[in-house]
Student: 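The structure is given below, and queries will be raised subsequently.
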Amino acid sequence: MEKYICHDCGKAIGKNEEYMPYKVGKDLYVKCRACHEIDPVLKNFQKAEVYSRVVGYIRPVAQWNKGKQAEFGDRKEYLVEQACCC
Ligand SMILES: [Zn+2]
């Protein structure tokens, strides 16, 4: 048996330990028994493609050059306060 790592807690699963396999396409994810009992649903296993605006165009951040990706990492989100009419 190849060595498996629990998707949720990151613990290495021992030779005689029980685990739950999740096959997603060609990928295999496993959960240890304890994590499976806490939450039997596999979550957060897909990469999310993030789009943002760069030099006027909305493009996937993964396709930006390294300099622009670093600049994206430095960006901060903020909320503009609503203007009040009263
Ligand atoms: Zn686990």
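Whatever order the structure lists them in is the order used to number ligands and atoms, beginning at 1.
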Student: Thinking salt bridges, do Lys43 and Asp39 make one under a 4.0 Å N-O criterion?
Tutor: yes

Student: Among residues two or more places apart or on two chains, list those pairs meeting ring pair (Phe, Tyr, Trp, His ring centres under 6.0 Å) that have a residue in residues 42-75.
Tutor: Tyr29-Phe45, Trp64-Phe72

Student: Quick test of your reading of the model: are Glu18 and Lys31 salt-bridged, counting only N-O distances below 4.0 Å?
Tutor: no

Student: Could you check whether Ser52 and Arg59, counting side-chain N and O atoms only, form a donor-acceptor pair closer than 3.5 Å?
Tutor: no

Student: Could you tell me which residues satisfy ring pair (Phe, Tyr, Trp, His ring centres under 6.0 Å) with Tyr78, sequence neighbours excluded, listed by chain and number?
Tutor: none

Student: Hey, which protein N/O/S atoms does the Zn ion (ligand 1) have under 2.8 Å?
Tutor: Cys6 SG, Cys9 SG, Cys32 SG, Cys35 SG

Student: For Arg53, which residues count as a salt bridge (Lys or Arg N to Asp or Glu O under 4.0 Å) partner, sequence neighbours excluded?
Tutor: none

